[in-house]
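To start, the structure under review is shown below, and the notes come after it.
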Amino acid sequence: MVQSLTIAAFAALTSVAAAARCQNLTIPISVSARNGVFNQTNPTNAIEATNFALRMSRQGHNYTQESLTGYNTVSGNYQIAATYCEPDAGPGKVVQVLTHGIGFDRSYWDFSYNNYNYSYVREAVDHYGYSTFAFDRLGIGMSTHFTDPINEGQIWIEVAALRYLTQGLRASSIPGVSAKFQKIVHVGHSFGSSQTYALTAADPSISDGLVLTGFSQNGSFASQFILGSNFIIANTVPALSSYVTGYLAPQSAVGVQIDFFAPNSFDPQLLQVAYQNGQPVTPGEIMTLVGASARPNPVAKPVLVITGEHDTPYCGGDCLATGNASLPSIPAASRMFLPNAAPFQAFIVPGSGHGLNFEYSHPTTYGTILNFLAQNGLAAK
Ligand SMILES: *[C@@H]1O[C@H](CO)[C@@H](O)[C@H](O)[C@H]1NC(C)=O
Ligand SMILES: *[C@@H]1O[C@H](CO)[C@@H](O)[C@H](O)[C@H]1NC(C)=O
Ligand SMILES: *[C@@H]1O[C@H](CO)[C@@H](O)[C@H](O)[C@H]1NC(C)=O
Ligand SMILES: *[C@@H]1O[C@H](CO)[C@@H](O)[C@H](O)[C@H]1NC(C)=O
Ligand SMILES: *[C@@H]1O[C@H](CO)[C@@H](O)[C@H](O)[C@H]1NC(C)=O
C-alpha cells in the first residue's frame with residue numbers, strides 16, 4: 001500500500017518534471033508549385049459536392065486525368081500555424097515533423113480528449129525526449145486558407161510548404177525554434193503521409209527517416225473514402241464558416257466513422273469530439289492525392305509504414321487480404337516503391353481503422369513508431 005502510494009507520487013512528480021514545453025508559432029512562408037489545372041468548377045451546394053464525389057469514384061475512370069487541361073505555377077505568401085514542443089530539459093537531438101491528414105488539424109497529434117491520453121506528442125516528448133513540430137497544413141485550420149479550392153488547393157503547394165518548413169528547421173531559421181537539430185524525421189498521417197512521401201520522392205536527402213501512418217500506395221480504395229464521407233459544402237457547417245465555398249466536409253459524424261474508425265476500436269464519445277473539431281478538404285486535394293504517391297521514392301533512410309488492419313481508404317477495410325501469398329499486407333507493397341529504404345518495415349495495427357491516433361490501439365501505434373526510430377539510429381537522446 002505504502003509502496004504503491006510512493007510509486008504513484010513519484011510518477012506524478014516525474015510526469016510534471018518531464019512535461020512538454022510547447023509554443024504556438026505563426027510562420028510566414030513564400031512558396032510556389034506546379035499545380036494541375038482542372039476543368040471542374042468549385043462545388044457550390046450539396047448536390048454539386050455529391051456530383052464531384054460520384055465523378056471521382058467511377059470505376060474504370062480517372063477523373064483527375066480526364067479533367068486535367070494543363071499545369072500552372074501557383075505562388076503565394078502564406079502563414080503557417082504550428083506548435084513546437086520540446087522536453088523541459090531542452091530540445092531533442094531529433095525533431096519530428098508531424099503532418100496531419102484530411103479531416104483534422106495539428107491537434108490530431110496532441111489531442112486533448114481524455115486528459116491527453118491519446119496524445120502522440122506527449123508520448124514522444126515526455127517519454128522519449130523528442131522535439132516535435134506539428135503544423136496546420138497550408139489551407140487548413142489556423143494556417144492561411146486557399147482562395148481557390150481546386151486550382152490552388154492541391155497537394156503540390158502543400159508539399160512546397162512542407163519543404164519550406166523542413167528547410168527552416170534544418171537551418172534553425174524558424175522564428176521561435178532556435179534549436180540546432182542533428183536529425184529531422186517526418187511523420188505523416190494519411191494525406192500527410194502522401195505529402196511526406198511526395199516530398200522525399202522529389203528530394204530524398206531532405207529527411208533522416210519517414211513514418212507513414214494510415215498509408216499504402218494502393219489507390220483502389222480511395223473511392224470508398226470519397227463516397228463514404230457524405231460531403232457537403234464545408235461552410236454550411238457553423239464551425240467551418242470561415243472557409244470559402246468549394247471546401248468539402250462530412251455531413252455528420254457518420255462520414256467520419258466510415259473513413260476513420262473500425263468497428264469496436266474506439267470510444268464513441270471521441271468520435272463526436274473528432275467530428276466537432278473536424279476540418280474540411282478541397283476538391284483539388286482529393287484530385288491530386290493518389291497521383292502524388294504513385295512514383296518510386298529513392299530515399300535511403302529508415303521507413304516505417306504503419307496502418308490499421310481495417311483501414312478503409314488505403315486497404316478497403318482489410319489490409320491483410322492481398323490475394324497474394326507472397327504479399328503479407330497491402331502496405332507491405334510499398335517496399336517495391338522504396339527500394340533503398342534501410343530498413344523498410346510495414347506494420348499492421350490489429351483491429352484498427354484509419355484514424356490510428358484516435359483508436360484504443362494508440363499505445364501499440366506509438367510504441368511501434370517510437371521503438372522503430374530508437375532502433376534505427378533516430379533516438380532523441
Ligand atoms: C496553441 O493554440 C491552440 C489553438 O488555439 C490552443 O488550444 C493551445 O492551448 C495553444 N498552446 C499554447 C502552448 O499556447
Ligand atoms: C470542360 O468540361 C465541359 C463539361 O464536361 C466540356 O463541355 C468542355 O468541353 C470541357 N472543356 C475543356 C477545355 O476540356
Ligand atoms: C490519375 O491520373 C493522374 C493524372 O495523370 C495520375 O497522377 C494518377 O496517378 C492517376 N491515378 C491512378 C489511380 O492511376
Ligand atoms: C490493391 O489491392 C487489391 C487487394 O489486395 C489488389 O487486388 C490490387 O491489385 C491492388 N492494386 C494495386 C495497384 O496494387
Ligand atoms: C490511455 O488509453 C489506453 C488505451 O485506451 C488505456 O489502456 C490507458 O489505461 C489510458 N491511460 C490513462 C492514463 O487514461
Side-chain angles (χ1 to χ4, degrees), residues 19-27 36-43 48 51-52 54-56 58-72 79-88 98 100 104-113 115-116 119 121-122 125 131-136 140-143 150-151 176-177 215-225 239 242 273 276-277 279 283 287 289-291 293-296 305 307 309-338 346 348:
R21 261 199 319 233
C22 297
Q23 189 188 350
N24 282 340
L25 308 166
T26 303
I27 304 160
V37 177
F38 295 111
N39 182 16
Q40 160 72 44
T41 52
N42 281 304
E48 289 178 11
N51 287 343
F52 171 73
L54 291 169
R55 291 193 170 101
M56 276 301 299
R58 282 183 186 144
Q59 67 95 4
H61 288 261
N62 180 341
Y63 185 62
T64 304
Q65 181 63 45
E66 290 167 9
S67 59
L68 181 69
T69 60
Y71 294 92
N72 187 32
Q79 292 196 322
I80 295 293
T83 305
Y84 170 73
C85 298
E86 64 181 32
D88 250 355
L98 308 176
H100 67 84
F104 307 115
D105 58 21
R106 69 191 190 275
S107 69
Y108 176 78
W109 301 108
D110 191 20
F111 209 53
S112 61
Y113 183 76
N115 198 22
Y116 290 94
S119 170
V121 166
R122 275 149 218 253
V125 176
S131 290
T132 58
F133 180 87
F135 64 102
D136 288 353
I140 289 296
M142 296 170 72
S143 292
I150 291 185
N151 290 320
V177 189
F215 184 72
S216 80
Q217 281 160 279
N218 189 321
S220 309
F221 315 109
S223 60
Q224 297 189 11
F225 180 93
S242 65
V273 176
Q276 284 154 18
N277 291 307
Q279 296 294 326
M287 294 174 90
L289 190 163
V290 169
S293 46
R295 57 190 276 212
V305 180
T307 301
E309 178 185 356
H310 298 303
D311 184 299
T312 290
Y314 288 92
C315 291
D318 192 346
C319 290
L320 303 176
T322 64
N324 173 354
S326 62
L327 184 66
S329 70
I330 291 171
S334 287
R335 179 42 149 171
M336 292 179 285
F337 291 83
L338 290 149
I348 304 302

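All ligand and atom numbering here is 1-based and tracks the order in the structure. Not measured: the values here are computed from a predicted model.
Using cut-offs of 30° and 60° for the angle between ring planes, the Tyr63 and Phe52 rings count as perpendicular.
Taking all atoms of both residues into account, the shortest heavy-atom contact from Gly176 to Leu25 is CA-CD2, 4.0 Å. Residues Asn151 and Gly36 come closest through the heavy atom pair OD1-O, 3.5 Å.
Inclusion of Asn24 in the set of residues having an N or O under 3.5 Å from an N or O of ligand 1 is warranted. Some N or O of Asn39 is nearer than 3.5 Å to an N or O of ligand 2, by distance alone.
Separation of atoms CD (Glu309) and CG (Asp318) is listed at 6.0 Å; rounding is to 0.5 Å. Separating the OG atom in Ser131 from the OH atom in Tyr84 is a distance of 3.0 Å, to the nearest 0.5 Å.
Protein residues with any heavy atom under 4.0 Å from ligand 4: Asn218, Ser220, Phe221, Ala321, Thr322, Ile330.
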- Query: How far apart are the C-alpha atoms of Phe104 and Asn277, what are their side-chain angles, what is the distance that settles it, and do they pass the side chain to side chain contact (heavy atoms under 4.5 Å, CB included) test?
  - Reply: CA-CA 7 Å; Phe104 307 115; Asn277 291 307; over 6 Å; no

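For Arg21, the salt bridge (charged side-chain N to carboxylate O under 4.0 Å, His left out) criterion is met by Glu86, not counting sequence neighbours.
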